[in-house]
There are 2 protein chains.
Amino acid sequence: MAGAKTRTPRNTLNPELIVRAALDLMETKGTDAFSLRGVAAELGVGPMALYTYFRNKDDLYDAVRNHLMALVPAVPEGESWPDQVRAVCRDLRRLLLEHPCLAQLLGSRPLSGHETARVAEGLLGVLRSAGFDKETAARTHTTLFTYVLGATSWEIQMATERRDPEAWRRLRTTMESLSSAEFPTVVELAPELARTTGGDEQFDYGLDLLLAGLESSNAVRTPASRSR
Amino acid sequence: MAGAKTRTPRNTLNPELIVRAALDLMETKGTDAFSLRGVAAELGVGPMALYTYFRNKDDLYDAVRNHLMALVPAVPEGESWPDQVRAVCRDLRRLLLEHPCLAQLLGSRPLSGHETARVAEGLLGVLRSAGFDKETAARTHTTLFTYVLGATSWEIQMATERRDPEAWRRLRTTMESLSSAEFPTVVELAPELARTTGGDEQFDYGLDLLLAGLESSNAVRTPASRSR
DNA sequence: ATCGCTAACGTACGGTGTATAGTACAGCGT
DNA sequence: ACGCTGTACTATACACCGTACGTTAGCGAT
């Protein structure tokens, strides 16, 4: 390996590689610690090299989000529509937990990109096939999406907080400083609140509430069956 | 040697003043553009002067969040519990819309601080009085809270996105580039999706779904039939 | 008068995203 | 074989960030 190799190879960089490196960095060093300089260093290039493939940081974020959303599975066939809705929501949640940075990416930018549309198409298709009219399908989709994102983001936030000893200590002290005279119910329910923060059960509880609400309403109209 | 804590600050600087200046800056220049240097400049002091009253930026964030959460009204008395829940959720949403930075503050840190506990106490009290057992009350509280935060954060995000012409243009172009062969339902429902993104109606739709789910479940045990 | 305490300031460091300009190589028309 | 041109990457620079550290000024108690 004599000196000749020091000349940089010409085409060592491509969008796919950059996205993968960016994702890797986000997950190992934390979403907040992510930086263009960091991913450039990981790839062994200067920070400006990335601007050949992405117009700016947000553009790279878009690409990473799209890359991750591609991992959401397709809607399962041959099940009842509530089960299909459940499947989509759980799949999205699982992906969010697997890649916590995705929660931040989805929260900080609107629905955009091919893969996000694919997921929306799946859920909207289920709702329309179930007999929801256009408006109700759209409303329900937005409700479900924001619920999944909100609930899971919260779960992730609490989990990462628990890992930071400084923040965790502060949280505990403020919790304990709450007078049971002033906030009797919070103090009384502290164990339950701690236990029910996050977890599959908590997520499914809210999801089932929404589904129960949907089924109890007369939103679903199938041509044949008016009601059960 | 008793008391004698009254040490007047040399100049006019105190936590309340700093928090107010910080809040003002967040709302005028945008949450992202907020910086310690900015608020210090607004107060006419050096950046380091703030560290006398706050340990770091996060500590100031905590104070601002607490300051804003104090604006959530108390739970109205003498109404049915679903109406009380509705009132709390709507009040919180209204405050979030009025102060968009609060959404970011609540999303990025867990429940902490006196005023956040006050709001939780109100909602938990309503649920417990309605007959929910401890665990269900805690679960329901978390569900409602994450729904309100998720739905409203999304709404705020979409609204701010619409204000940024660059992002708005990109969103439109990606929307229009979606083939109606690949994503027929998304394309068909585009008007409804645009119309149902945000707004009181959309928020209430999801909230009513959750409340309908609660009422249709047997989670509520009226005082007469209270067993657990 | 002197000490200790502390609010506030100034300086400096290491970090960020990115605008701008420069540089080396690939592939091409001739 | 040669020079041109476009592309991929580097180098430098700027404005800004949070904050660690050291300094100064003025008060209260001794």
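Quick note: numbers below take in every heavy atom, side chains included, and nothing from hydrogens, waters or symmetry partners.
The side chain of B:Lys57 lies closest to D:dT19 when the candidates are C:dT16, D:dT19, D:dC9. The side chain of B:Ala49 has C:dC9 as its nearest neighbour among C:dC9, D:dT10, C:dT16. Set against C:dC9, C:dT18, D:dC9, the side chain of A:Tyr53 has D:dC9 as its closest nucleotide.
Residue A:Leu13 contributes atom CG, which lies 16 Å from atom C1' of C:dC25 at whole-angstrom precision. Summarising the geometry, the separation between CG on A:Leu43 and P on D:dA8 is reported as 16 Å, rounded to the nearest angstrom. In this structure, CZ of B:Phe34 is placed 7 Å from P of D:dG18, rounded to the nearest angstrom. When the P atom of D:dG18 is taken as reference, atom CG of A:Asp32 falls 14 Å away, rounded to whole Å. Remark: C1' of C:dT16 and NZ of A:Lys29 are 14 Å apart, rounded to the nearest angstrom. One can place CG of A:Leu50 at 9 Å from P of D:dT10, the figure rounded to the nearest angstrom. Rounded to an integer number of Å, the gap from A:Met48 CE to C:dA19 P is 8 Å. Rounded to whole angstrom, the span from the CZ atom of B:Phe54 across to the P atom of D:dT19 amounts to 13 Å.
Using a 4.0 Å cut-off, no side-chain N or O of B:Tyr51 falls inside it from OP1 or OP2 of C:dA7. Listed pair A:Thr52 / D:dC9 fails the phosphate criterion, with no side-chain N or O lying under 4.0 Å from OP1 or OP2.
Atom CD of A:Glu201 is surrounded by 12 or fewer heavy atoms from other residues, nucleotides or ligands within 6.0 Å. Under a cut-off of 6.0 angstrom, the local environment of CZ in B:Arg163 is sparse, with at most 12 non-hydrogen atoms contributed by other residues, nucleotides or ligands.
Comparing B:Pro47 and A:Pro47 along DNA chain D, the residue whose closest nucleotide (by nearest heavy atom) sits nearer the 5' end is A:Pro47.
Residue-to-nucleotide contacts include a donor-acceptor pair under 3.5 Å from the side chain of A:Arg37 to the base of C:dG17. The base of D:dT19 has none of its N or O atoms less than 3.5 Å from a complementary donor or acceptor on the side chain of B:Arg55.
Using modelled atom types, one finds a donor on one side chain and an acceptor on the other under 3.5 Å when comparing B:Tyr205 with A:Thr140.
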> When you look at A:His114 and B:Glu182, which way does the side chain to side chain donor-acceptor pair (under 3.5 Å) test go after all the steps?
Replying inline: CA-CA 10 Å; A:His114 185 272; B:Glu182 200 176 4; 2.9 Å; yes
>> Show, in sequence, the C-alpha distance, side-chain angles and deciding distance for B:Gln202 and A:Thr143, and conclude whether the side chain to side chain donor-acceptor pair (under 3.5 Å) test is met.
In response: CA-CA 8 Å; B:Gln202 171 62 32; A:Thr143 300; 3.1 Å; yes
